[in-house]
2 protein chains.
Amino acid sequence: MTMTPRSSHSPNSRAGGRPGRRTGISEATVARLPVYLRVLTSLAESGVSTVSSEVLANAAGVGPAKLRKDLSHLGSYGTRGVGYDVEFLVYQISRALGLTQHYSVVIVGVGNLGQALAGYAGFGTRGFRVVGLLDADRARVGSLIAGIEVRHSDELETIISEHDVSIGVIATPAGAAQDVCDRLVGAGVTSVLNFAPVVLSVPDDVDVRKVDLSIELQILAFHEQRKSLVEQEAVG
Amino acid sequence: MTMTPRSSHSPNSRAGGRPGRRTGISEATVARLPVYLRVLTSLAESGVSTVSSEVLANAAGVGPAKLRKDLSHLGSYGTRGVGYDVEFLVYQISRALGLTQHYSVVIVGVGNLGQALAGYAGFGTRGFRVVGLLDADRARVGSLIAGIEVRHSDELETIISEHDVSIGVIATPAGAAQDVCDRLVGAGVTSVLNFAPVVLSVPDDVDVRKVDLSIELQILAFHEQRKSLVEQEAVG
DNA sequence: ACGCGCTTGTGAAGATGTGCACAAAACGGT
DNA sequence: ACCGTTTTGTGCACATCTTCACAAGCGCGT
């Protein structure tokens, strides 16, 4: 066979290699920061100005020690004996996550899922702006979804370079996903959020995150099965 | 305050405590098995009857050693010097995940996302059957989505007990999610897949998995930021 | 029948993530 | 000014996950 035996077997790999060596923030922590951020935002709206690690941790569904360790990676915000200043912490987490910058996003595939994503509140707020809704089906082109006009996939490269898009969301059928991904990457996108049930292959300097409904269901099925096995054993 | 200081701070907790002690399959492995399963199914459809760990691992986007260790937890299927029999492995993984049983699923919330989920192919196949589509909005009740009639949320308990539903999918707005979750759990559901951007609290014997679009985006933003920092440094 | 090349399965080492327990620090009341 | 209470920040031990490296096993050609 002609294919290189050693293609790419790094999991979430990005350019450098080791996670978090530069920033000191580990992958696991990064995955939890958005949760803290949401809880904090909600607290701020409720007029709370200070939280303890215990309260915040409970609201976020983690242990207090983990929370404190996570936050300590950003710096020593927080006052001993008192807690954390909500607004200040919101700002610090936002900054750590890079949400003080603005990112342009294109969504490719305007089926039910694509429409749901386009309308999703989380996209509009917090530094993300959907600058393109693309679909291969000309019947859908021209319609307005969440105030954005659907354009044809042919315009993918144009839109990406016009708006300096760095994040692409793939909500196409499985068959089209790799092609779309290649075009996104070719046009300069460096982060991809993939909803299609396929494993995408990309260069090392591109990040891919996968959201896969059927995988989540299957994981739940595993635990369901385990529960019923335990039940049977308890009976016997 | 009257609330118990120690509420629930276990991460994905289920009844027993330690993960995988009974089955010997670790959480990380379980999360990858569905990926292998999909790749294998696709290979089987292409007429491939045998794969090596290297080929399968590349197709699944993991390293070969990890793949072999994962599979070794299910048993010693696979032949040294040859590889794995595709069909046999499909069966074994399906069995390990509990997909040889059938699960009834209800989807609550029939907005764009709920509709996308209802139509999603992964739900119909592989042991899952959507037996209920529920919405609180009477304007939507009665319409047909993916061949299933939308019923009113009031019927939640009825449908769950009639069909012995064990898995509930929450695709409602954030505000309604915890109430819906409580009702699902109250009616006997033991696994929940949550798409609403809130942290659900449930009894220890109920599994919750969360899918959160805005969290995924924020994680990508973090890596984007890190990339641009590295760039700057390279220039300076 | 035998040896050679290939690929699995796995022990052991290393990396990453988690939880405990306590010292350090800040506030408030006296 | 000081002491007690509260809560952070973190060193350390433990658990989990990943990766390496290689022995054990299998099939094929001779």
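The basis for the numbers below is simple: all heavy atoms, side chains too, and nothing from hydrogens, waters or symmetry mates. Here is how names work: the chains are called A, B, and so on, in the same order as the sequence lines, proteins then strands, and each is numbered from 1.
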Problem set entry | side-chain contact (heavy atoms from CB on, under 4.5 Å) against Ala44(A), all qualifying residues, sequence neighbours excluded | Val86(A)

Seminar exercise, completed: Taken to the nearest 0.5 Å, the spacing of Ile219(B) CD1 from Asp207(A) CG works out to 10.5 Å

For this session: Kindly write out the residues that satisfy side-chain contact (heavy atoms from CB on, under 4.5 Å) with Ala65(A), not counting sequence neighbours, or none if the list is empty.
Result: none

For this session: With a 4.0 Å heavy-atom cut-off, tell me which residues in residues 29-46 of chain B come close to DNA chain C, sorted by residue number.
Result: none

For this session: Check salt bridge (charged side-chain N to carboxylate O under 4.0 Å, His left out) between Arg68(B) and all other residues, then give those that pass, not counting sequence neighbours.
Result: none

Tell me which donor-acceptor pairs under 3.5 Å the side chains of residues 164-176 of chain A have, and how far apart each pair is, sequence neighbours excluded?
none

For this session: Kindly write out the residues that satisfy side chain to side chain donor-acceptor pair (under 3.5 Å) with Ser52(B), not counting sequence neighbours, or none if the list is empty.
Result: none

Seminar exercise, completed: Shortest non-hydrogen pair, Ile215(B) vs Ala31(A), comes out as CG2-O, 4.1 Å

Problem set entry | Pairs involving residues 82-94 of chain A, ordered by first then second residue, that meet side chain to side chain donor-acceptor pair (under 3.5 Å) (sequence neighbours left out) | Tyr77(A)-Gln92(A), Gln92(A)-Arg95(A)

Problem set entry | Minimum-distance nucleotide (side-chain atoms of Ala28(B) versus dT10(C), dC17(D), dT8(D)) | dC17(D)

Output one line per pair: protein atom, nucleotide atom from nucleotides 11-13 of chain D, and distance, for all N/O pairs under 3.5 Å.
residue : atom : partner  : partner atom : Å
dG11(D) : O6   : Lys69(A) : NZ           : 3.1
dC12(D) : N4   : Lys69(A) : NZ           : 3.3

For this session: To the nearest 10°, let me know how far the axis at one end of the helix from dA1(C)-dT30(D) to dT30(C)-dA1(D) is tilted from the axis at the other, five pairs an end.
Result: 0°

Seminar exercise, completed: So, with a heavy-atom separation below 4.0 Å from DNA chain C, the residues of residues 74-83 of chain B are Ser76(B), Tyr77(B), Gly78(B), Thr79(B), Arg80(B), Gly81(B), Val82(B), Gly83(B)

Exercise. In Å, rounded to the nearest 0.5 Å, how long is the span from CG of Leu99(B) to CZ of Phe128(B)?
Worked result: 5.5 Å

Problem set entry | Any pair counted as salt bridge (charged side-chain N to carboxylate O under 4.0 Å, His left out), so long as it reaches residues 181-200 of chain A, sequence neighbours left out | Glu157(A)-Arg183(A)

Under-3.5 Å N/O pairs linking protein and nucleotides 1-5 of chain D:
none

